[in-house]
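This one's a predicted model, so the numbers in the text were calculated from it and none came from an experiment. Below, read A as the first sequence line, B as the second, and so on, with proteins coming before strands; counting in each chain starts at 1. As a basis for the values below, the full set of heavy atoms in this structure was taken, side chains included, without hydrogen atoms, waters or symmetry mates.
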Protein chains: 2
Amino acid sequence: MSRVATGNLVEGQDAEPDLSRCPVRDVLDHIGNKWTALILLTLNASPSRFSQLQRAVPDISKRMLTQVLRDLERDGLATRQVFATKPPTVEYRLSRQGESLMTPLIGLVQWADLHHDAMRAARKTYDEGLALLAAR
Amino acid sequence: MSRVATGNLVEGQDAEPDLSRCPVRDVLDHIGNKWTALILLTLNASPSRFSQLQRAVPDISKRMLTQVLRDLERDGLATRQVFATKPPTVEYRLSRQGESLMTPLIGLVQWADLHHDAMRAARKTYDEGLALLAAR
DNA sequence: CCGCATCCGTAACGATACTG
DNA sequence: CAGTATCGTTACGGATGCGG
């Protein structure tokens, strides 16, 4: 396992800021944005065209969808295939790498389904506690 | 499993925007921010005081650390315990909920460790491809 | 149909100084 | 030690319009 488990999250403070950061940060910074994980899950369900993805995730803008797809392609998590039809057809699908990410990602999804209610309840309780303090 | 696996990421387009969003989004929006996952992993390694956390993650600001800890507490993922020493001591630790998150989260960490190099290589290749195009 | 470019508002985040 | 308050910057993301 990585250094993380030891509690030493970053390399000892070397003079070099060092660009290639901790793998954990790198990966989380990528799937952590608002849309990436959702698109990955959608592509996992089935390879899709641009417009299909827009329908699957209705509240993403074209701008963001394009950007997320470029990033996935760049990171080697998805592939882009253009068909010279008219009008053109572009299909996105998960790469091997992308598929391998699904296992841990689906783990998170399952956790989310199981614990979402409890989390929302905890938030409510916490906020009500604050409200009591504010009322004085 | 949730609707996600079917590719239907959000509820059918009901008139209600509905505040309580898809669990997946909710959870990812929380651990997806720049620091939360890192703090969770650190707390998992061992319960820690505020300043210990700062040392474990040297490049987080006090402002952000405070905010992340408040959010974790609010979501019921971590607990905050104050000891009336002088100067005061505050210890944070994972709650049961928080611990249950560790399983899927560590899955992601392991994936990151395994695939980080390949991802960086893919990026490099991609960027070089772009450079070739730009050179013409 | 696909997707790039532009403009712009809003958050997230960082640095610093100050308090119990 | 463990925060809060304030300020400034940056990057994320939405809306729209053009082009292949």
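- A:Phe83 comes within 4.0 angstrom of no nucleic acid atom, judged by non-hydrogen atoms across all strands.
- Nearest approach of B:Leu105 to B:Ala37, heavy atoms of both residues: CD2-O, 4.2 Å.
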Polar atom pairs between nucleotides 14-18 of chain D and protein, under 3.5 Å, N or O only, would you list them?
{"from": "D:dG14", "atom 1": "OP1", "to": "A:Lys34", "atom 2": "NZ", "distance (Å)": "3.3"}
{"from": "D:dG14", "atom 1": "O6", "to": "A:Arg63", "atom 2": "NE", "distance (Å)": "2.6"}

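- Spacing between atom CD1 of B:Ile39 and atom P of C:dC13 amounts to 12 Å, rounded to whole angstrom units.
- For the pair A:Lys124 and A:Arg120, the minimum side-chain heavy-atom distance is 4.5 Å or more.
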Open item on the list: Applying side-chain contact (heavy atoms from CB on, under 4.5 Å) to B:Asn44 and B:Leu101, what does each step give before you reach the verdict?
Closed with: CA-CA 10 Å; B:Asn44 185 50; B:Leu101 218 196; over 6 Å; no

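- Phosphate proximity of C:dC2 to A:Ser51: present, with a side-chain N or O under 4.0 Å from OP1 or OP2.
- Rounded to whole angstrom, the span from the CZ atom of B:Arg70 across to the P atom of D:dA5 amounts to 12 Å.
- The minimum heavy-atom distance linking A:Gly76 with A:Ser95 is given by the pair O-OG, 2.6 Å.
- For the pair A:Arg55 CZ and C:dC2 P, the interatomic distance rounds to 8 Å; values are reported in whole Å.
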Check: protein-nucleotides 9-11 of chain C nitrogen or oxygen pairs below 3.5 Å:
none

Open item on the list: Using side-chain contact (heavy atoms from CB on, under 4.5 Å), reason through B:Val109 and A:Val27 one step at a time and then give a plain yes or no.
Closed with: CA-CA 8 Å; B:Val109 171; A:Val27 169; over 6 Å; no

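- The minimum heavy-atom distance between A:Gln52 and A:Ser48, with the atom names listed, is OE1-CA, 3.3 Å.
- Within a 6.0 Å radius of CZ in A:Arg96, no more than 12 heavy atoms belonging to other residues, nucleotides or ligands are found.
- Rounded to whole Å, the distance from CG on B:Asn33 to C1' on D:dC12 is 14 Å.
- Contact between A:Val68 and A:Thr36 at its shortest, heavy atoms only, is CG1-CA, 4.0 Å.
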- [ ] Show the numbers, then the answer: is there a side-chain contact (heavy atoms from CB on, under 4.5 Å) between A:Phe50 and A:Glu91?
- [x] CA-CA 7 Å; A:Phe50 188 90; A:Glu91 189 167 83; over 6 Å; no

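- Distance, B:Leu53 CG to D:dG3 P: 10 Å, rounded to whole Å.
- Distance B:Asp29 CG to D:dG13 C1': 13 Å, rounded to the nearest Å.
- The existence of a salt bridge linking B:Asp71 and A:Arg123 is excluded, since no basic side-chain nitrogen approaches an acidic carboxylate oxygen closer than 4.0 Å.
- For residues 72-81 of chain B, proximity to DNA chain C is found at no residue, defined as any non-hydrogen atom under 4.0 angstrom from a strand atom.
- Remark: P of C:dC2 and CD of A:Gln54 are 9 Å apart, rounded to the nearest angstrom.
- Residues B:Asp59 and B:Trp35 come closest through the heavy atom pair O-CH2, 3.5 Å.
- B:Tyr92 has a side-chain polar atom (N or O) that falls below the 4.0 Å cut-off from OP1 or OP2 of D:dG3.
- Residue-to-nucleotide proximity on DNA chain C shows that, of A:Pro88 and B:Pro87, the 5′-proximal contact is made by A:Pro88.
- The two residues B:Leu65 and B:Gln54 have their closest heavy-atom pair at CD2-CG, 3.4 Å.
- Nucleotide D:dG13 holds its P atom 8 Å from the CD atom of A:Gln67, rounded to whole Å.
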